[in-house]
Every structure is written in structure tokens, then in C-alpha cells.
Amino acid sequence: MTTTHFPDGFLWGGATAANQYEGAWQADGKGESMADHLLGGTFEKRRRFAANAHQAGYFPSHEASAGYHHTEEDIKLMAGMGFKVYRLSVAWTRIFPNGDETEPNRAGLAYYRHVFELCHQYDIEPLVTISHFEMPYQLTVRYGGWANRHLIDCYVNYATTLFKEYAGLVKYWLTFNEVNIGFLLGGHTSLGLPMVDGRPSILGEQDDTQTQLSLQALHHQLVASAKAVQIAHALDPNNLVGCMIAGQVTYPLTADPADVLLAQRVTELNNFYCGDVQVRGNYPSFAKRYWDEHHVTLAMLPEDLVTLKAGTVDFYAFSYYSSSAETTDPTQREFTGNLSFGVKNPHLKYSEWGWSTDPSGLRWYLNTVNSRYQLPMMVVENGLGAVDTVTEDNKIYDDYRIDYLKQHIESMAAALTDGVNLIGYTAWSWIDIVSAGTGQMGKRYGLVYVARDDTQQGDYHRIPKKSYYWYKRVIASNGTNL
Ligand code: P53
């Protein structure tokens, strides 16, 4: 048992993303995002992308958790837990419906202003993800998504609009959610690449052509991110801008040196390809080998290297859910879960969606990143997607979720004793939302239940779960009463 030592002012809170939480996909002038075009799926049945978001079928983000219509109630619920920070994303399409307008949509700006003002009334600091898997669909239609350099200008205009509009209201920013996930998943919708025959929605097959396209798109995102960092700093020195990396912990399955080497290579590619660019301002030394192996030639302007160097982030934010294992033994290869990588680790338990529970992995990751970058860190996503049952008297006893969160908070406390500079933690998600990977409401992450299911039944009323009251105690005791 570790004694917990969370620093004073530690930023306890929770997170959401607009496309998974807000719904109201066409309210007040909002345009269609990539996420609005994704149909619902399951663990077994992958989500598909539809060119027409008005066609028959279930598009989970259209209504999501109806957060847009529960603003006051939801912020009050967060305040009830004693949140110090609320991580949310701005839907780009509420501000620029097509993504490339010059003038923003005033109604969209007003909505988030209201959200941020309410947060401050309760002393909750907003932490804003500028782009969380919800880029405007028209940027794909008109330009082919992030593979087109023009997207940098569209993003910079959008980010600059946010920095100016919310000056004094928001100081913590993240440029792109899980910026590393787009190419790892072989052309995720966050890259906005055109979809062929409904694919790749999520989890495409990776071939070199797709790697080329994904890495080119990613390069543009990294340049856009670095430009945004510089603008944020120039406009207000109080702005703190972070990267947001999907934290990928990969162990060697055995002590066979070939497995150890493979795990190291996977770890470096998955985390440091993007991390090094955003934190150190240049591509890591292994990038060239990787490009050569996959016949990738990136179109890069000389000025890009200057931009990347000048636009490094102030803190390192990441998500952490589970760890993977890798081996060179072909007989061990099997599919472990949706959107998870590697092979099954016999030492770990897996969720209904095939994600391992590994709190030690979080300590490993915090230490690994700390050794490499020595930056303040924030865990901005961590949680358990599970099926919840509502009792006859309307209660949800989610002891499994409490257990998961408790173990990970203990692991953070242990990492603090190792000397890492951890400044915040936002549970994913503090309220039930649509799963990004499967599109299900039934894969619930919340500390608050939302009465809505995958058959589209339910009136969205909110019920605090057992974990809600538990987390309130954790925050009140600054992480000592777990
Ligand atoms: P869901 C892949 C692997 C790890 C995390 O995931 C990932 C993804 C991409 O989906 O995404 C993050 O909802 C993401 C959130 C998402 C959360 O993990 O598939 O930033 O939007 O909801 C959990 O269970």
C-alpha cells in the first residue's frame, strides 16, 4: 500500500468529447463532422462510415448523451463531485460549420462561452481539446482531409478564433486528441481521409499506401499543432498548451531478446513518433528508418522544421486505459479486443471489450515519459467501459469501476513518489457517453448514468452512480481517501 501524496492544487476532474457527449448535431447552425457520419457498431461489428449522414440508420453522435441540452445540470453534477477541472472538446463544426469559413458561427461561440462561464462559477477550470475526432466533414469532401496542406490554415484560423474569443476564460488547451492514434489505426476518421466503401472507418488494414497517406496527414496535423502553440503563447502568455497522446504501453511477451526489441520498437513508434515532435520539436531518430521500411516520402517544407521547433508544448497530456504485449512468435498472434494492439498478456484480466486492466502500466508510462521529457504531465483519460445495471430503486452499484479507478489513482500516487511531475487527472468519462470505438452507449464509462441505450430508448435523465460518491470523497481528500 502506497501512501498517497498528491500535490496541493492537483487538478482532479473528468472529461468528455463533443461528438460523444453533446448530441444536437444540427443545432444552432452546427455543420456535419466526420463523427456524425459514423454508424453504431459493437465489439464484433465494426462501425461503418456513411457518406450520407441523413440516411436511415443509427448515428450515435447525433443525439449522444444530449449534453447540449443538459448544460446547467451537468456542470452542477461535476461541481457536486468537487471537480477542479473539466476536460471538454469544442466541436469545430459549431464554430466553422464547413471548416473553411472565414467568419465563425456566433451561436456556436456563445454556447461554449456559456459553458466556460458556468464552469468558472463553480471554480472549475476548463481544459479544452481543440480537435477531438470531430473535424468538419466538408474538409474531407472539399480537400481530402488532413492529407491536404490547406487544412493547416483552416485549423489555425479555427484555433486562433478560440484563443481570441475565450481569452481569460480558458488557459489549458490540447491541440489534437490522441494525435498518434490516426496512423496507428490505419487511417482513423480524425485524419479526415476519404472513405472507400465505408472504410476505413476505424481499424483499416494497414498497407504502405495508407501509411504514406496517414503519415502525410499526421505531418500536417503536427505542423498545425505547432503553429497553434505559438499563436496561443503570443496572444496570452498565460496560455498553457499540451499535446495529447494515446499512451501505449507494450511489454515483451517473453524474455526472448527478439520480443524485447520488438516491444521497444513498438513503444517508440506508438508514443514517441508524435511525442518527440510535439515536445522536442523534431522527429525522432528512428523515424527515417520507419519511413524507409514503409516506402514513405513525406512532403515537407523547410519552414515546417522551424515551425515544429518553435511550437513545442508546455505539458504532456495522455490517455491510458490498458497495456498490450508483443511477441515475434507467430503462433501467439490473436485478436484481443476492439482497437487494442498486440497479443494477450496471461498476467492480466480483460474487460468485456477485450481491454486489459493494468494499473502498473500507468506507473511505467508516467516514469518512461518523465525520463524522456521532464515535463508536467496530465492523465486526461482513464476509465473502465462496462455494462451497468440499474436496480429497481434506480441505483447503480459500479464497484468494478471504483476498483479500476482506485487502482489507477494508487498507481499515480506511486509514480509521484518516483518523482514524476503529475499535475492533473480527468476520468474518462465522468458521464456516460457514446463509445468512440464501437459507437455504443452500452459501453459505459460514467460516474453518472445517462438513461439512453443502444435501442435508442430512454429520456437521458441523469443518475449519479456509486462511483460518483466515491470520487467526491477522493477529491475532497486530495487522493488520500480511496
Ligand atoms: P472507446 C483507440 C485506443 C485507445 C483509445 O475508447 C481510443 C482509441 C480510439 O477510439 O480512444 C480514446 O470509446 C478516445 C476517446 C474514447 C476513449 O479512448 O472506444 O480519446 O474518445 O472514447 C475510449 O471505448
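We count ligands from 1, going down the list as the structure has it; atoms in each ligand are counted the same way. Source: prediction; values computed, not measured. Here, residue 1 is the first one in the sequence, and each next residue gets the next number.
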Min N/O separation Glu381 to ligand 1 under 3.5 Å: yes

Val434, any N or O under 3.5 Å of ligand 1 N or O: no

Test applied, ring pair (Phe, Tyr, Trp, His ring centres under 6.0 Å); reference residue, Tyr365; option that passes from Tyr251, Phe272, Tyr321, Phe318: Phe318

Would Lys443 pass as a cation-pi partner of Trp428, given that its NZ or CZ must be under 6.0 Å from the six-membered ring centre and within 45 degrees of the axis? no

Side-chain donor or acceptor of Ser356 paired with backbone N/O of Asp358 under 3.5 Å: no

Give, for atom CD1 of Ile181 and atom CG of Leu218, the distance between the pair rounded to the nearest 0.5 Å. 11.5 Å

List every atom of ligand 1 that sits less than 4.0 Å from any heavy atom of Ser435, numbering the atoms from 1 in the order shown and giving each element. 1 (P), 13 (O), 19 (O), 24 (O)

Considering both backbone and side-chain atoms of Ala436, is one of its nitrogen or oxygen atoms within less than 3.5 Å of a nitrogen or oxygen in ligand 1? yes

Cation-pi, Tyr397 ring and Lys465 (6.0 angstrom, 45 degrees): no

Is Arg265 positioned over the aromatic face of Phe286, cation under 6.0 angstrom from the ring centre and no more than 45 degrees off axis? no

May I ask you to check whether Trp428 has an N/O atom sitting below 3.5 Å from an N/O atom of ligand 1? yes

Quick one: is the NZ or CZ of Arg94 closer than 6.0 Å to the six-membered ring centre of Tyr111, and within 45° of its axis? yes

With a cutoff of 4.0 Å, is Trp353 in contact with ligand 1, counting heavy atoms of the residue only? no

Per-atom contacts, ligand 1 versus Asn177 - under 4.0 Å to a heavy atom: 14 (C), 20 (O)

Out of Tyr445, Tyr321, Trp355, Phe133, indicate the one that has the non-hydrogen atom closest to atom 17 (C) of ligand 1. Tyr321

Are Met244 and ligand 1 in contact, using a heavy-atom cut-off of under 4.0 Å? no

